[in-house]
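All values derive from a computational prediction rather than experimental measurement. So that the names make sense, note that chain A is the first sequence line, chain B the second, and so on, each numbered from 1. Every heavy atom of this structure was used, including side-chain atoms; hydrogens, water molecules and symmetry mates were not.
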Protein chains: 2
Amino acid sequence: MAQPRKSTQANRRRGGPRPGVPGPDDQARGHHRTRQAHLVEVAEDYVETIADLLEVQGEARAVDLARRFGVSHVTVTKTVSRLQEAGLVTSRPYRAIFLTPAGRRLAAKCRHRHRVVVELLRKLGVREGTARLDAEGIEHHISSETLAAFERFAGRPAAPENTAR
Amino acid sequence: MAQPRKSTQANRRRGGPRPGVPGPDDQARGHHRTRQAHLVEVAEDYVETIADLLEVQGEARAVDLARRFGVSHVTVTKTVSRLQEAGLVTSRPYRAIFLTPAGRRLAAKCRHRHRVVVELLRKLGVREGTARLDAEGIEHHISSETLAAFERFAGRPAAPENTAR
DNA sequence: TATATAATTTAGCCTGTGCTACACTCGGAC
DNA sequence: GTCCGAGTGTAGCACAGGCTAAATTATATA
């Protein structure tokens with residue numbers, strides 16, 4: 001009932017064999033996004049979508065966002081009020097939702113990043129629809145360094161066969 | 001106090017001008033990951049890390065996972081018990097955590113995907129450390145089609161100038 | 001003007017993921 | 001054989017982000 005235990009626990013305690021493990025700390029830094037960063041993702045998705053709606057139909061309503069995100073309007077309302085506290089959007093009772101300057105800045109940044117990701121995927125041969133879908137998930141996890149790399153690649157003559165541009 | 005409203009609501013009701021909007025439904029499909037898929041992400045992160053630990057030190061303990069993820073052991077315990085219910089891991093009180101066959105399969109898949117993403121980023125000129133960090137976020141959001149595209153690119157003579165391979 | 005309908009708000013519930021504090025086991029060392 | 005400390009478990013809290021149901025408001029139209 002206590003087979004594979006002995007050695008390892010002692011090892012850990014004495015700082016035993018930890019060959020090529022990434023190391024507890026920098027791994028933690030990477031994964032620490034798990035919770036905190038999720039809030040950022042949500043914020044980014046919202047401001048991006050709100051910006052879209054504002055552009056297309058002049059205003060963004062909770063019900064529009066709910067349809068876009070596939071959630072109930074109640075969920076949207078709660079999230080929007082959090083974003084309002086964060087200073088990204090403005091909303092008054094029974095009125096549409098608009099972006100603050102900070103919200104507009106964030107939206108612009110997200111949009112650009114989103115476009116870059118889509119273009120990269122397209123250049124790699126991913127179909128339009130899939131590219132858009134995947135980009136929505138990927139875009140939130142791209143550092144500025146990676147974004148720059150994507151821009152370099154996407155903004156180029158591209159791969160041999162896709163010379164069509 | 002009610003300027004930009006009149007027209008738009010009427011428009012929406014009558015199915016008015018919705019120029020190039022992605023359309024409520026397919027957008028929703030894309031964003032619907034927001035909640036449900038987060039569970040998948042967590043599961044993937046856990047099995048991947050557990051697989052790592054098993055390989056390196058023969059067993060995975062809650063405290064190791066907690067250190068890796070930068071969370072408390074309590075959080076790990078709760079998540080692990082959920083994963084156990086999902087049939088991905090096994091764990092007995094005061095004992096180490098192991099993977100079920102399903103967990104091993106998932107871990108293998110994630111690992112491969114992770115490696116592909118890192119390689120792609122490297123080929124695009126992203127530094128090793130950044131590539132690993134970004135890959136952790138990106139890997140959960142790439143479809144099989146995109147994965148295939150990444151593999152094609154990462155496993156090829158690469159771009160014109162990088163003909164070194 | 002009155003009313004019907006769509007949108008919004010509010011209240012209340014659930015689950016996931018995080019925490020601290022405290023109790024308990026297990027294994028190794030004395 | 002006991003005891004100490006690291007690792008685990010449990011209780012209880014907070015908050016994000018889902019939901020339904022019921023009440024309220026705004027707008028367009030009859």
Side-chain angles (χ1 to χ4, degrees), chain A residues 1-16 24 28 31-43 45-46 53 57 59-86 91-97, chain B residues 1-16 24 28 31-43 45-46 53 57 59-86 91-97:
Chain A
M1 268 229 183
Q3 317 85 15
R5 194 66 190 295
K6 281 177 182 162
S7 51
T8 34
Q9 173 153 342
N11 284 340
R12 264 204 312 288
R13 205 171 284 158
R14 305 189 196 115
H31 277 296
H32 195 249
R33 300 153 305 144
T34 310
R35 180 141 192 92
Q36 178 91 11
H38 193 239
L39 307 183
V40 175
E41 282 178 49
V42 171
D45 278 339
Y46 270 73
L53 290 168
Q57 49 184 49
E59 63 172 14
R61 317 282 316 196
V63 71
D64 299 320
L65 290 169
R67 271 195 284 261
R68 289 278 200 113
F69 293 132
V71 300
S72 79
H73 69 278
V74 182
T75 300
V76 169
T77 301
K78 278 211 269 185
T79 304
V80 165
S81 70
R82 248 174 268 131
L83 296 182
Q84 187 167 22
E85 277 167 27
S91 77
R92 299 195 335 275
Y94 296 97
R95 291 267 113 81
I97 298 153
Chain B
M1 268 224 184
Q3 315 87 13
R5 191 67 191 296
K6 282 176 181 159
S7 51
T8 34
Q9 173 151 344
N11 285 339
R12 263 203 313 288
R13 205 170 285 158
R14 305 188 195 116
H31 277 296
H32 195 248
R33 301 153 305 141
T34 310
R35 179 137 193 95
Q36 179 91 10
H38 193 240
L39 306 184
V40 176
E41 282 178 49
V42 170
D45 278 340
Y46 270 71
L53 290 168
Q57 48 184 49
E59 63 173 13
R61 318 279 320 192
V63 71
D64 299 320
L65 291 168
R67 271 195 284 262
R68 288 278 200 113
F69 293 132
V71 301
S72 77
H73 75 278
V74 182
T75 301
V76 168
T77 301
K78 278 210 269 187
T79 304
V80 165
S81 70
R82 246 174 273 126
L83 296 182
Q84 186 166 23
E85 277 167 28
S91 76
R92 300 195 334 275
Y94 295 99
R95 292 266 111 80
I97 298 153

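Taking the screw axis at each terminus of the helix from C/dT1-D/dA30 to C/dC30-D/dG1 from five consecutive base pairs, the angle between the two is 0° to within rounding of 10 degrees.
A 4.5 Å side-chain heavy-atom check between B/Arg68 and B/Leu53 finds at least one atom pair inside the cut-off. Considering only heavy atoms from C-beta on, A/Ile97 comes within 4.5 Å of A/Leu65 through its side chain.
In this structure, A/Leu65 places its CG atom 16 Å from C1' of C/dA6, rounding to the nearest Å. The distance between atom CG of A/Leu53 and atom P of C/dA7, rounded to the nearest whole Å, is 13 Å. As a whole-Å value, the separation of A/Arg61 CZ from D/dT27 P is 8 Å. For the pair A/Asp45 CG and D/dG17 P, the computed distance is 11 Å after rounding to whole Å. Counting to the nearest Å, the C1' atom of C/dA7 and the CD atom of A/Gln57 are 13 Å from each other. Put simply, CD1 on A/Ile97 is 13 Å from C1' on C/dT9, counting in whole angstrom units. Residue B/Lys78 contributes atom NZ, which lies 15 Å from atom P of D/dC15 at whole-angstrom precision. When rounded to the nearest whole Å, the span between CG of B/Leu39 and P of C/dG18 equals 11 Å.
Not one side-chain nitrogen or oxygen of B/Thr75 sits closer than 4.0 Å to the OP1 or OP2 atom of C/dT17. At C/dG18, none of the side-chain N or O atoms of B/Ser72 fall inside 4.0 Å of OP1 or OP2 (strictly under the cut-off). Neither OP1 nor OP2 of D/dA16 sits under 4.0 Å from any side-chain N or O of A/His38.
Of the options A/His73, A/Glu59, A/Gln57, a side chain to side chain contact (heavy atoms under 4.5 Å, CB included) to A/Asp64 is made by A/Gln57 and by none of the others.
One finds the OG1 atom of B/Thr75 at 11.5 Å from the CZ atom of B/Phe69 (value rounded to the nearest 0.5 Å).
The side chain of A/Val63 has C/dT8 as its nearest neighbour among C/dG16, C/dT8, D/dA16.
Of all non-hydrogen atoms in A/Tyr46 and A/Val76, the two that sit nearest each other are OH-CA, 3.7 Å.
For B/Ser91, the side-chain hydrogen bond (donor to acceptor under 3.5 Å, both in side chains) test picks out B/Gln84, with sequence neighbours left out.
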For nucleotides 9-11 of chain D, give me every protein contact, N/O to N/O, under 3.5 Å, one pair per line with atom names.
from  : atom 1 : to      : atom 2 : distance (Å)
D/dG9 : OP1    : B/Tyr94 : N      : 3.3
D/dG9 : N7     : B/His73 : NE2    : 3.3
D/dG9 : O6     : B/His73 : NE2    : 3.3

